[in-house]
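To start, the structure under review is shown below, and the notes come after it.
The structure displayed is predicted, hence computed values, not measured ones. Proteins come first, then strands; the chains are lettered A, B, ... in the order of their sequence lines, and each starts at number 1.
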Number of protein chains: 2
Amino acid sequence: MSKSPRSYNQFCAIAKALDIIGERWTLLIVRELLSGPKRFKDLQDSLPGIGTNLLSTRLKEMKKNGLLAKGKLPPPAASAVYEIAERGRELEAVVSAIVKWGFSLLGTPNQDEFFRPHWAMQALLVTFDSDAAKEFSEIYEFHISDEIFYLRVHEGKAEGRLGPASHPDLVIIASVNELLTLGFGENQIEYALDKGLIKQGTVEMLCRFIRIFGL
Amino acid sequence: MSKSPRSYNQFCAIAKALDIIGERWTLLIVRELLSGPKRFKDLQDSLPGIGTNLLSTRLKEMKKNGLLAKGKLPPPAASAVYEIAERGRELEAVVSAIVKWGFSLLGTPNQDEFFRPHWAMQALLVTFDSDAAKEFSEIYEFHISDEIFYLRVHEGKAEGRLGPASHPDLVIIASVNELLTLGFGENQIEYALDKGLIKQGTVEMLCRFIRIFGL
DNA sequence: CGGAATCCTCTTCGATACTG
DNA sequence: CAGTATCGAAGAGGATTCCG
(Lines give C-alpha, C1' and ligand atoms only; values in the text may rest on other atoms or scores of the structure.)
Protein backbone atom coordinates (compact mmCIF):
# COMPACT_ATOMS: atom_id res chain seq x y z
CA MET A 1 0.00 0.00 0.00
CA SER A 2 0.94 3.64 0.21
CA LYS A 3 3.79 4.22 2.57
CA SER A 4 2.82 6.48 5.43
CA PRO A 5 4.28 9.95 5.02
CA ARG A 6 6.59 11.36 7.63
CA SER A 7 4.94 13.15 10.51
CA TYR A 8 6.14 15.41 13.30
CA ASN A 9 3.74 13.56 15.54
CA GLN A 10 2.91 16.54 17.70
CA PHE A 11 -0.46 17.59 19.04
CA CYS A 12 -0.08 21.10 17.72
CA ALA A 13 -1.88 22.95 14.95
CA ILE A 14 1.28 24.09 13.17
CA ALA A 15 2.87 20.68 13.26
CA LYS A 16 -0.33 19.03 12.01
CA ALA A 17 -0.58 21.59 9.22
CA LEU A 18 3.05 21.14 8.25
CA ASP A 19 2.57 17.38 8.14
CA ILE A 20 0.32 18.13 5.18
CA ILE A 21 1.63 21.29 3.54
CA GLY A 22 5.23 21.25 4.76
CA GLU A 23 6.69 18.85 2.26
CA ARG A 24 8.75 20.07 -0.60
CA TRP A 25 6.73 21.38 -3.60
CA THR A 26 3.33 21.05 -1.94
CA LEU A 27 2.71 24.75 -1.33
CA LEU A 28 3.99 25.63 -4.78
CA ILE A 29 1.44 23.24 -6.27
CA VAL A 30 -1.20 25.00 -4.19
CA ARG A 31 0.04 28.31 -5.55
CA GLU A 32 -0.41 27.05 -9.08
CA LEU A 33 -3.89 25.67 -8.51
CA LEU A 34 -5.11 28.80 -6.73
CA SER A 35 -5.06 30.58 -10.07
CA GLY A 36 -7.17 27.93 -11.77
CA PRO A 37 -7.27 24.24 -12.78
CA LYS A 38 -4.12 22.87 -14.37
CA ARG A 39 -3.10 19.79 -16.28
CA PHE A 40 -0.20 17.61 -15.19
CA LYS A 41 1.92 19.13 -17.90
CA ASP A 42 1.03 22.70 -16.95
CA LEU A 43 2.13 22.02 -13.39
CA GLN A 44 5.36 20.45 -14.55
CA ASP A 45 6.11 23.49 -16.69
CA SER A 46 5.59 25.85 -13.77
CA LEU A 47 7.60 23.73 -11.36
CA PRO A 48 10.91 23.16 -13.09
CA GLY A 49 12.92 20.41 -11.49
CA ILE A 50 10.13 18.49 -9.84
CA GLY A 51 10.27 15.27 -11.85
CA THR A 52 7.23 13.33 -12.94
CA ASN A 53 7.27 10.77 -10.18
CA LEU A 54 7.44 13.28 -7.38
CA LEU A 55 4.72 15.46 -8.88
CA SER A 56 2.59 12.39 -9.25
CA THR A 57 3.20 11.39 -5.65
CA ARG A 58 2.46 14.87 -4.32
CA LEU A 59 -0.76 15.14 -6.29
CA LYS A 60 -1.95 11.86 -4.83
CA GLU A 61 -1.11 12.91 -1.28
CA MET A 62 -2.79 16.25 -1.78
CA LYS A 63 -5.89 14.62 -3.16
CA LYS A 64 -5.99 12.26 -0.19
CA ASN A 65 -5.68 15.24 2.14
CA GLY A 66 -8.50 17.11 0.44
CA LEU A 67 -6.37 19.90 -0.96
CA LEU A 68 -7.29 19.22 -4.57
CA ALA A 69 -9.59 17.17 -6.75
CA LYS A 70 -9.33 15.69 -10.20
CA GLY A 71 -11.73 17.24 -12.66
CA LYS A 72 -12.47 17.56 -16.33
CA LEU A 73 -12.31 20.73 -18.34
CA PRO A 74 -15.52 21.73 -20.17
CA PRO A 75 -16.15 19.99 -23.55
CA PRO A 76 -13.95 21.97 -25.99
CA ALA A 77 -10.76 20.58 -24.48
CA ALA A 78 -12.03 17.87 -22.17
CA SER A 79 -8.69 17.00 -20.64
CA ALA A 80 -8.17 15.84 -17.10
CA VAL A 81 -7.12 18.59 -14.76
CA TYR A 82 -6.29 19.09 -11.12
CA GLU A 83 -8.30 21.74 -9.37
CA ILE A 84 -8.13 23.22 -5.93
CA ALA A 85 -10.59 21.84 -3.38
CA GLU A 86 -12.25 23.45 -0.38
CA ARG A 87 -9.48 22.76 2.09
CA GLY A 88 -6.92 23.83 -0.46
CA ARG A 89 -8.58 27.15 -1.12
CA GLU A 90 -8.57 27.82 2.60
CA LEU A 91 -4.80 27.94 2.26
CA GLU A 92 -5.15 31.25 0.45
CA ALA A 93 -4.55 33.09 3.73
CA VAL A 94 -1.41 31.06 4.36
CA VAL A 95 -0.07 31.62 0.87
CA SER A 96 -0.89 35.30 1.12
CA ALA A 97 1.00 35.65 4.41
CA ILE A 98 4.00 33.88 2.93
CA VAL A 99 3.96 36.07 -0.17
CA LYS A 100 3.92 39.18 1.98
CA TRP A 101 6.83 37.93 4.03
CA GLY A 102 8.79 36.76 1.01
CA PHE A 103 8.28 39.91 -1.02
CA SER A 104 11.31 41.68 0.41
CA LEU A 105 13.47 38.71 -0.54
CA LEU A 106 12.68 39.05 -4.22
CA GLY A 107 15.37 41.53 -5.13
CA THR A 108 15.91 41.77 -8.84
CA PRO A 109 15.36 38.85 -11.16
CA ASN A 110 18.42 36.77 -11.83
CA GLN A 111 18.98 35.33 -15.27
CA ASP A 112 19.07 31.76 -13.97
CA GLU A 113 15.78 32.12 -12.11
CA PHE A 114 12.56 30.80 -13.58
CA PHE A 115 9.58 33.06 -13.94
CA ARG A 116 6.00 32.63 -15.05
CA PRO A 117 3.88 35.70 -15.75
CA HIS A 118 0.90 34.53 -13.73
CA TRP A 119 3.05 34.61 -10.59
CA ALA A 120 2.97 38.37 -10.96
CA MET A 121 -0.81 38.22 -10.80
CA GLN A 122 -0.70 36.62 -7.39
CA ALA A 123 1.90 39.04 -6.13
CA LEU A 124 -0.25 41.97 -7.29
CA LEU A 125 -3.27 40.60 -5.45
CA VAL A 126 -1.22 40.65 -2.27
CA THR A 127 0.16 44.15 -2.71
CA PHE A 128 -3.31 45.39 -3.59
CA ASP A 129 -4.25 48.50 -1.64
CA SER A 130 -7.91 48.29 -0.80
CA ASP A 131 -8.21 51.92 0.30
CA ALA A 132 -6.67 53.29 -2.89
CA ALA A 133 -9.16 51.25 -4.91
CA LYS A 134 -12.33 52.10 -2.99
CA GLU A 135 -13.96 54.24 -5.66
CA PHE A 136 -12.91 52.44 -8.82
CA SER A 137 -14.35 49.55 -10.78
CA GLU A 138 -12.06 48.48 -13.56
CA ILE A 139 -10.64 45.44 -15.29
CA TYR A 140 -6.95 45.28 -16.20
CA GLU A 141 -5.92 42.64 -18.71
CA PHE A 142 -2.37 41.49 -19.41
CA HIS A 143 -0.84 39.56 -22.26
CA ILE A 144 2.63 38.55 -21.18
CA SER A 145 4.48 36.29 -23.56
CA ASP A 146 2.03 33.45 -24.10
CA GLU A 147 0.04 34.02 -20.92
CA ILE A 148 -3.11 36.07 -20.51
CA PHE A 149 -4.66 37.11 -17.21
CA TYR A 150 -6.67 39.92 -15.80
CA LEU A 151 -7.25 41.70 -12.50
CA ARG A 152 -10.69 42.98 -11.64
CA VAL A 153 -11.07 45.76 -9.10
CA HIS A 154 -14.54 46.33 -7.71
CA GLU A 155 -15.86 47.77 -4.45
CA GLY A 156 -12.45 47.87 -2.84
CA LYS A 157 -11.70 44.26 -3.65
CA ALA A 158 -9.49 42.67 -6.28
CA GLU A 159 -9.58 39.27 -7.93
CA GLY A 160 -7.40 37.70 -10.55
CA ARG A 161 -8.14 35.11 -13.21
CA LEU A 162 -6.19 33.42 -15.95
CA GLY A 163 -7.44 33.96 -19.48
CA PRO A 164 -8.94 37.04 -21.13
CA ALA A 165 -11.58 39.25 -19.54
CA SER A 166 -14.92 39.91 -21.21
CA HIS A 167 -14.71 43.68 -21.22
CA PRO A 168 -11.28 44.86 -20.09
CA ASP A 169 -10.78 48.57 -19.53
CA LEU A 170 -7.03 48.45 -19.86
CA VAL A 171 -5.08 45.96 -21.96
CA ILE A 172 -1.33 45.68 -21.63
CA ILE A 173 0.72 43.60 -24.03
CA ALA A 174 4.30 43.06 -22.97
CA SER A 175 7.18 40.63 -22.78
CA VAL A 176 8.36 39.14 -19.51
CA ASN A 177 11.21 41.63 -19.31
CA GLU A 178 8.91 44.53 -19.99
CA LEU A 179 6.54 43.31 -17.30
CA LEU A 180 9.36 43.13 -14.78
CA THR A 181 10.54 46.62 -15.68
CA LEU A 182 6.98 47.81 -15.25
CA GLY A 183 6.89 46.19 -11.84
CA PHE A 184 10.29 47.07 -10.47
CA GLY A 185 11.66 49.86 -12.63
CA GLU A 186 11.49 53.64 -12.49
CA ASN A 187 9.36 55.91 -14.66
CA GLN A 188 6.91 53.13 -15.40
CA ILE A 189 4.45 55.32 -17.28
CA GLU A 190 7.03 56.74 -19.65
CA TYR A 191 8.41 53.28 -20.19
CA ALA A 192 4.99 51.88 -21.04
CA LEU A 193 4.28 54.68 -23.49
CA ASP A 194 7.72 54.48 -24.98
CA LYS A 195 7.38 50.76 -25.65
CA GLY A 196 3.74 51.06 -26.70
CA LEU A 197 2.55 48.52 -24.15
CA ILE A 198 -0.93 49.99 -23.79
CA LYS A 199 -3.09 48.31 -26.39
CA GLN A 200 -6.37 49.53 -24.99
CA GLY A 201 -7.33 52.08 -22.35
CA THR A 202 -5.89 55.36 -21.14
CA VAL A 203 -2.75 56.48 -19.41
CA GLU A 204 -4.92 57.46 -16.45
CA MET A 205 -5.97 53.86 -16.07
CA LEU A 206 -2.38 52.70 -16.03
CA CYS A 207 -1.52 55.33 -13.41
CA ARG A 208 -4.43 54.14 -11.33
CA PHE A 209 -3.42 50.53 -11.74
CA ILE A 210 0.11 51.27 -10.59
CA ARG A 211 -1.18 53.16 -7.58
CA ILE A 212 -3.85 50.63 -6.63
CA PHE A 213 -1.40 47.75 -6.73
CA GLY A 214 1.32 49.63 -4.93
CA LEU A 215 4.03 49.55 -7.55
CA MET B 1 32.80 25.40 3.00
CA SER B 2 29.11 25.44 3.70
CA LYS B 3 27.24 23.62 1.00
CA SER B 4 24.62 25.79 -0.61
CA PRO B 5 21.13 24.84 0.46
CA ARG B 6 18.66 23.63 -2.09
CA SER B 7 16.60 26.28 -3.82
CA TYR B 8 13.53 26.30 -6.02
CA ASN B 9 15.28 28.91 -8.07
CA GLN B 10 12.16 30.80 -9.01
CA PHE B 11 11.63 34.54 -9.14
CA CYS B 12 8.54 34.34 -6.98
CA ALA B 13 7.86 35.52 -3.46
CA ILE B 14 6.48 32.20 -2.23
CA ALA B 15 9.33 30.21 -3.68
CA LYS B 16 11.90 32.59 -2.23
CA ALA B 17 10.22 32.42 1.14
CA LEU B 18 10.05 28.64 1.06
CA ASP B 19 13.73 28.49 0.19
CA ILE B 20 14.23 29.88 3.68
CA ILE B 21 11.34 28.66 5.81
CA GLY B 22 10.26 25.63 3.80
CA GLU B 23 12.78 23.15 5.10
CA ARG B 24 11.83 20.56 7.62
CA TRP B 25 11.75 21.80 11.25
CA THR B 26 12.46 25.44 10.43
CA LEU B 27 8.97 26.78 11.08
CA LEU B 28 8.66 24.71 14.23
CA ILE B 29 11.84 26.30 15.52
CA VAL B 30 10.29 29.68 14.75
CA ARG B 31 7.20 28.62 16.67
CA GLU B 32 9.35 27.82 19.68
CA LEU B 33 11.30 31.06 19.57
CA LEU B 34 8.20 33.20 19.12
CA SER B 35 7.29 32.46 22.74
CA GLY B 36 10.69 33.54 24.02
CA PRO B 37 14.43 32.78 23.93
CA LYS B 38 15.39 29.12 24.25
CA ARG B 39 18.52 27.13 24.88
CA PHE B 40 19.66 24.36 22.56
CA LYS B 41 18.36 21.80 24.98
CA ASP B 42 14.98 23.48 25.34
CA LEU B 43 14.53 23.39 21.59
CA GLN B 44 15.54 19.77 21.43
CA ASP B 45 13.00 18.89 24.11
CA SER B 46 10.20 20.62 22.24
CA LEU B 47 11.14 19.10 18.90
CA PRO B 48 11.32 15.38 19.55
CA GLY B 49 13.05 13.50 16.78
CA ILE B 50 15.09 16.32 15.34
CA GLY B 51 18.58 15.05 16.10
CA THR B 52 21.31 17.32 17.36
CA ASN B 53 23.14 17.72 14.10
CA LEU B 54 20.07 18.80 12.18
CA LEU B 55 19.02 21.24 14.88
CA SER B 56 22.52 22.67 14.85
CA THR B 57 22.45 23.00 11.07
CA ARG B 58 19.04 24.64 11.05
CA LEU B 59 20.01 27.14 13.72
CA LYS B 60 23.03 28.16 11.70
CA GLU B 61 21.01 28.58 8.51
CA MET B 62 18.35 30.54 10.35
CA LYS B 63 20.93 32.81 11.90
CA LYS B 64 22.46 33.40 8.48
CA ASN B 65 19.03 34.26 7.11
CA GLY B 66 18.31 36.72 9.90
CA LEU B 67 15.52 34.71 11.50
CA LEU B 68 17.23 34.43 14.87
CA ALA B 69 20.20 35.63 16.85
CA LYS B 70 22.34 34.16 19.54
CA GLY B 71 22.02 35.96 22.85
CA LYS B 72 22.74 35.66 26.52
CA LEU B 73 20.17 35.41 29.24
CA PRO B 74 20.38 38.08 32.01
CA PRO B 75 22.95 37.46 34.79
CA PRO B 76 21.17 34.98 37.10
CA ALA B 77 21.38 32.17 34.58
CA ALA B 78 23.67 33.63 31.94
CA SER B 79 23.39 30.75 29.50
CA ALA B 80 23.57 31.11 25.74
CA VAL B 81 20.19 31.19 24.09
CA TYR B 82 18.67 31.55 20.66
CA GLU B 83 16.19 34.36 20.29
CA ILE B 84 13.96 35.44 17.49
CA ALA B 85 15.21 38.30 15.31
CA GLU B 86 13.37 40.98 13.38
CA ARG B 87 12.80 38.98 10.23
CA GLY B 88 11.83 35.98 12.30
CA ARG B 89 9.22 37.87 14.27
CA GLU B 90 7.70 39.03 11.01
CA LEU B 91 6.82 35.40 10.46
CA GLU B 92 4.20 35.70 13.19
CA ALA B 93 1.55 36.37 10.54
CA VAL B 94 2.60 33.28 8.62
CA VAL B 95 2.60 31.08 11.70
CA SER B 96 -0.74 32.49 12.73
CA ALA B 97 -2.29 31.73 9.34
CA ILE B 98 -0.95 28.19 9.48
CA VAL B 99 -2.27 27.66 13.00
CA LYS B 100 -5.72 28.81 11.92
CA TRP B 101 -5.66 26.45 8.96
CA GLY B 102 -4.32 23.54 10.95
CA PHE B 103 -6.68 23.93 13.86
CA SER B 104 -9.38 21.77 12.32
CA LEU B 105 -6.84 18.99 11.83
CA LEU B 106 -6.12 18.71 15.52
CA GLY B 107 -8.87 16.30 16.46
CA THR B 108 -8.35 14.73 19.84
CA PRO B 109 -4.90 14.12 21.27
CA ASN B 110 -3.49 10.72 20.56
CA GLN B 111 -1.43 8.96 23.20
CA ASP B 112 1.61 8.71 20.92
CA GLU B 113 1.57 12.42 20.09
CA PHE B 114 3.89 14.82 21.84
CA PHE B 115 2.53 17.87 23.55
CA ARG B 116 4.02 20.86 25.31
CA PRO B 117 1.76 23.14 27.35
CA HIS B 118 3.08 26.36 25.85
CA TRP B 119 1.78 25.27 22.46
CA ALA B 120 -1.67 25.81 23.93
CA MET B 121 -0.71 29.40 24.63
CA GLN B 122 -0.02 30.06 20.97
CA ALA B 123 -3.20 28.34 19.89
CA LEU B 124 -5.18 30.48 22.33
CA LEU B 125 -3.64 33.65 20.95
CA VAL B 126 -4.92 32.67 17.53
CA THR B 127 -8.43 31.77 18.61
CA PHE B 128 -8.59 34.98 20.63
CA ASP B 129 -11.78 36.93 19.97
CA SER B 130 -10.94 40.60 20.00
CA ASP B 131 -14.56 41.76 20.11
CA ALA B 132 -15.43 39.59 23.09
CA ALA B 133 -12.45 41.03 24.96
CA LYS B 134 -12.99 44.72 24.19
CA GLU B 135 -14.00 45.80 27.68
CA PHE B 136 -11.79 43.60 29.81
CA SER B 137 -8.31 43.97 31.16
CA GLU B 138 -7.15 40.79 32.86
CA ILE B 139 -4.21 38.47 33.23
CA TYR B 140 -4.68 34.71 33.16
CA GLU B 141 -1.84 32.58 34.46
CA PHE B 142 -1.40 28.85 33.93
CA HIS B 143 0.76 26.27 35.65
CA ILE B 144 0.65 23.17 33.51
CA SER B 145 2.91 20.34 34.63
CA ASP B 146 6.29 22.07 34.87
CA GLU B 147 5.46 24.97 32.57
CA ILE B 148 4.16 28.38 33.56
CA PHE B 149 2.76 30.96 31.17
CA TYR B 150 0.21 33.72 31.15
CA LEU B 151 -2.10 35.52 28.76
CA ARG B 152 -2.74 39.20 29.17
CA VAL B 153 -5.87 40.76 27.72
CA HIS B 154 -5.93 44.52 27.42
CA GLU B 155 -7.77 46.94 25.12
CA GLY B 156 -9.01 44.21 22.85
CA LYS B 157 -5.58 42.71 22.38
CA ALA B 158 -3.98 39.60 23.82
CA GLU B 159 -0.36 38.67 24.38
CA GLY B 160 1.24 35.59 25.84
CA ARG B 161 4.49 35.11 27.73
CA LEU B 162 6.29 32.21 29.30
CA GLY B 163 6.90 32.43 33.02
CA PRO B 164 4.71 33.85 35.80
CA ALA B 165 2.88 37.17 35.62
CA SER B 166 3.42 39.92 38.15
CA HIS B 167 -0.21 40.29 39.19
CA PRO B 168 -2.37 37.59 37.67
CA ASP B 169 -6.13 37.85 38.11
CA LEU B 170 -6.78 34.20 37.47
CA VAL B 171 -4.37 31.35 38.22
CA ILE B 172 -5.06 27.86 36.93
CA ILE B 173 -2.99 24.90 38.07
CA ALA B 174 -3.55 21.74 36.08
CA SER B 175 -1.97 18.70 34.51
CA VAL B 176 -1.63 18.33 30.78
CA ASN B 177 -4.66 16.08 30.61
CA GLU B 178 -6.71 18.50 32.66
CA LEU B 179 -5.66 21.34 30.37
CA LEU B 180 -6.74 19.38 27.30
CA THR B 181 -10.07 18.53 28.88
CA LEU B 182 -10.48 22.21 29.67
CA GLY B 183 -9.73 23.03 26.06
CA PHE B 184 -11.68 20.38 24.22
CA GLY B 185 -14.10 18.88 26.72
CA GLU B 186 -17.66 19.66 27.73
CA ASN B 187 -18.80 21.41 30.92
CA GLN B 188 -15.44 23.07 31.38
CA ILE B 189 -16.51 25.19 34.33
CA GLU B 190 -17.89 22.26 36.32
CA TYR B 191 -14.80 20.27 35.47
CA ALA B 192 -12.48 23.04 36.69
CA LEU B 193 -14.40 23.42 39.94
CA ASP B 194 -14.64 19.69 40.44
CA LYS B 195 -10.89 19.24 40.04
CA GLY B 196 -10.09 22.41 41.98
CA LEU B 197 -8.03 23.90 39.16
CA ILE B 198 -8.72 27.52 40.09
CA LYS B 199 -5.98 28.54 42.52
CA GLN B 200 -6.75 32.24 42.38
CA GLY B 201 -9.56 34.29 40.91
CA THR B 202 -13.27 33.81 40.40
CA VAL B 203 -15.46 31.52 38.36
CA GLU B 204 -16.58 34.58 36.43
CA MET B 205 -13.03 35.14 35.28
CA LEU B 206 -12.77 31.58 34.04
CA CYS B 207 -16.06 31.95 32.17
CA ARG B 208 -14.77 35.13 30.62
CA PHE B 209 -11.49 33.49 29.70
CA ILE B 210 -13.28 30.63 28.02
CA ARG B 211 -15.47 33.01 26.07
CA ILE B 212 -12.70 35.41 25.10
CA PHE B 213 -10.53 32.62 23.78
CA GLY B 214 -13.35 30.88 21.98
CA LEU B 215 -13.30 27.52 23.71
C1' DC C 1 0.36 12.94 -25.35
C1' DG C 2 -0.50 12.67 -20.35
C1' DG C 3 1.02 10.44 -16.56
C1' DA C 4 2.37 6.48 -13.95
C1' DA C 5 6.21 3.08 -12.77
C1' DT C 6 11.21 1.80 -12.60
C1' DC C 7 15.99 2.48 -11.74
C1' DC C 8 19.95 4.87 -10.24
C1' DT C 9 22.57 8.64 -7.95
C1' DC C 10 22.79 12.15 -4.74
C1' DT C 11 21.27 14.76 -0.78
C1' DT C 12 18.95 15.10 3.46
C1' DC C 13 17.22 13.11 7.66
C1' DG C 14 17.39 10.74 12.05
C1' DA C 15 19.60 8.29 15.62
C1' DT C 16 23.51 7.39 18.30
C1' DA C 17 28.09 8.03 19.74
C1' DC C 18 31.50 11.15 20.87
C1' DT C 19 34.05 15.69 22.34
C1' DG C 20 34.75 20.48 24.39
C1' DC D 1 24.83 21.28 28.23
C1' DA D 2 26.22 22.48 23.48
C1' DG D 3 27.34 21.02 19.96
C1' DT D 4 30.38 17.80 16.13
C1' DA D 5 31.10 13.29 13.72
C1' DT D 6 29.35 9.31 11.75
C1' DC D 7 26.40 6.14 9.31
C1' DG D 8 22.25 3.69 7.74
C1' DA D 9 17.60 4.97 5.98
C1' DA D 10 14.57 7.78 3.56
C1' DG D 11 13.57 11.23 0.17
C1' DA D 12 14.65 14.05 -3.98
C1' DG D 13 15.94 14.51 -8.81
C1' DG D 14 16.75 13.06 -13.40
C1' DA D 15 16.37 9.88 -17.20
C1' DT D 16 13.98 6.38 -19.29
C1' DT D 17 10.33 3.26 -20.12
C1' DC D 18 5.69 1.58 -20.19
C1' DC D 19 0.71 2.11 -20.66
C1' DG D 20 -3.84 4.33 -21.79
Side-chain angles (χ1 to χ4, degrees), chain A residues 1-10 15 18-29 32-33 37-64 68-73 76-83 112 114, chain B residues 1-10 15 18-29 32-33 37-65 68-73 76-83 112 114 146:
Chain A
M1 277 309 302
S2 62
K3 44 185 180 272
S4 56
R6 185 158 47 183
S7 166
Y8 288 114
N9 212 37
Q10 299 183 358
L18 291 178
D19 280 344
I20 291 180
I21 60 170
E23 275 179 306
R24 196 162 166 75
W25 296 108
T26 302
L27 271 179
L28 292 187
I29 296 173
E32 288 305 312
L33 296 185
K38 298 270 190 305
R39 288 171 306 172
F40 192 93
K41 188 59 160 41
D42 299 328
L43 291 170
Q44 226 179 350
D45 289 346
S46 288
L47 304 169
I50 191 175
T52 63
N53 55 350
L54 190 48
L55 177 53
S56 173
T57 303
R58 285 287 176 277
L59 289 171
K60 267 179 237 158
E61 292 167 355
M62 292 171 70
K63 181 176 174 182
K64 201 182 70 191
L68 58 78
K70 270 177 121 158
K72 284 225 183 304
L73 235 43
S79 49
V81 292
Y82 296 88
E83 50 195 0
D112 70 339
F114 293 92
Chain B
M1 282 305 301
S2 62
K3 47 189 170 270
S4 56
R6 183 156 49 185
S7 165
Y8 288 115
N9 212 38
Q10 299 182 359
L18 291 178
D19 282 343
I20 291 180
I21 60 170
E23 275 179 307
R24 197 164 166 75
W25 296 109
T26 302
L27 271 178
L28 292 187
I29 295 173
E32 289 305 312
L33 296 184
K38 299 270 191 303
R39 289 172 307 173
F40 192 92
K41 186 59 159 47
D42 299 328
L43 290 170
Q44 224 180 349
D45 288 346
S46 288
L47 303 169
I50 192 176
T52 61
N53 59 344
L54 190 49
L55 177 53
S56 174
T57 304
R58 285 287 177 276
L59 290 171
K60 269 178 235 160
E61 293 167 352
M62 291 170 71
K63 181 177 176 181
K64 201 183 68 191
N65 288 323
L68 57 79
K70 268 176 125 158
K72 283 225 183 306
L73 236 43
S79 48
V81 291
Y82 296 89
E83 52 196 357
D112 70 339
F114 294 93
D146 56 344

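Straight-line distance from the NZ atom of B/Lys38 to the P atom of D/dA2: 13 Å, rounded to whole Å. Between the CD atom of B/Glu23 and the P atom of D/dG11 there is a distance of 16 Å, given to the nearest Å. As a whole-Å value, the separation of B/Leu47 CG from C/dG14 P is 11 Å. Per the geometry, OH belonging to A/Tyr8 stands 18 Å off P belonging to D/dA10, to the nearest Å. Straight-line distance from the CG atom of A/Asp42 to the P atom of C/dG2: 8 Å, rounded to whole Å. Straight-line distance from the CG atom of A/Asn53 to the P atom of D/dA12: 10 Å, rounded to whole Å. For A/Leu55 and D/dG11, the CG to C1' distance is 16 Å, given to the nearest whole Å. Atom CZ in B/Phe40 sits roughly 12 Å away from atom P in D/dC1 (whole-Å rounding).
Note on A/Arg58: a side-chain N or O is less than 4.0 Å away from OP1 or OP2 of D/dA12. Phosphate proximity of C/dT12 to A/Arg24: absent, as no side-chain N or O sits under 4.0 Å from OP1 or OP2. The shortest distance between the side-chain N/O atoms of B/Trp25 and the OP1/OP2 oxygens of C/dG14 is below 4.0 Å. The phosphate of C/dA4 has OP1 or OP2 within less than 4.0 Å of a side-chain N or O from A/Ser56. Taking 4.0 angstrom as the limit, B/Lys60 places a side-chain polar atom (N or O) nearer than this to OP1 or OP2 of D/dT4. Note on A/Arg6: every side-chain N or O is 4.0 Å or more away from OP1 and OP2 of D/dA9.
At least one side-chain heavy atom of B/Phe40 sits under 4.5 Å from a side-chain heavy atom of B/Leu59. Looking only at side-chain heavy atoms (C-beta outward), B/Gln10 and A/Leu47 come within less than 4.5 Å of each other. A 4.5 Å side-chain heavy-atom check between B/Lys60 and B/Lys63 finds every atom pair outside the cut-off. No side-chain heavy atom of B/Tyr8 sits under 4.5 Å from any side-chain heavy atom of A/Phe114.
Counting any heavy atom pair closer than 4.0 Å across all strands shown, B/Gly49 reaches sugar-phosphate atoms only and no base atom.
When distances run from any side-chain atom of A/Lys70 to the nucleotides C/dA4, D/dG14, D/dG3, the shortest one goes to C/dA4. For B/Leu54, counting side-chain heavy atoms from C-beta on, the closest listed nucleotide (C/dG14, D/dA2, C/dT6) is C/dG14. When each of D/dG13, D/dT4, C/dG14 is scored by its nearest atom to the side-chain atoms of B/Thr52, the top-ranked nucleotide is D/dT4. Between C/dA4, D/dG3, C/dT6, one nucleotide has an atom nearer to the side chain of B/Tyr82 than all others, and that is D/dG3.
Separating the CG atom in A/Leu68 from the OG1 atom in A/Thr26 is a distance of 10.0 Å, to the nearest 0.5 Å.
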